[in-house]
Amino acid sequence: MSEKRRRRIPRSAAQGRVLGRDALLTLDAKIKPDFKRAVGAGVLAIVCLGVGDNLGGVHRTGQIRFVALGLVIAFVVFGVGAVRSAA
């Protein structure tokens with residue numbers, strides 16, 4: 001247990017580059033746009049927005065308010081998914 005372990009220096013740190021830059025470049029090379037997913041998520045986001053608006057939005061009182069808040073969260077999630085899939 002007394003033996004010291006050698007710490008491995010990451011390749012990009014040994015070359016003097018920032019670690020995050022390599023990670024972003026690798027991630028960017030692997031991500032491909034998926035327009036089917038983007039359109040589907042965009043349609044679902046618009047449906048959530050329309051249903052939430054027809055229910056009265058977040059300003060409505062009672063139990064429907066929580067349904068509208070859930071639809072707002074779903075709108076944001078589907079909207080982000082649509083943008084990320086198209087980019």
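All values derive from a computational prediction rather than experimental measurement.
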* Is it true that Phe35 and Val83 fall in one hydrophobic cluster, defined by side-chain heavy atoms closer than 4.5 Å? -> no
Nearest heavy-atom contact between Cys48 and Leu71 is CB-O, 3.8 Å
* Any link between Ile64 and Val47 through a network of hydrophobic side chains (Ile, Leu, Val, Met, Phe, Trp, Tyr) touching at under 4.5 Å? -> yes
Taken to the nearest 0.5 Å, the spacing of Phe78 CZ from Ile46 CD1 works out to 12.5 Å
Closest non-hydrogen atoms of Ala82 and Gly42, given as atom of the first, atom of the second and distance, are CB-N, 3.6 Å
When every non-hydrogen atom of Gly79 is compared with those of Ala45, the smallest separation belongs to N-CB, 3.8 Å
Value for CG (Leu49) from CG (Leu44), rounded to nearest 0.5 Å, stands at 12.5 Å
Correct closest heavy-atom pair for Arg60 and Arg65 would be O-CB, 3.1 Å
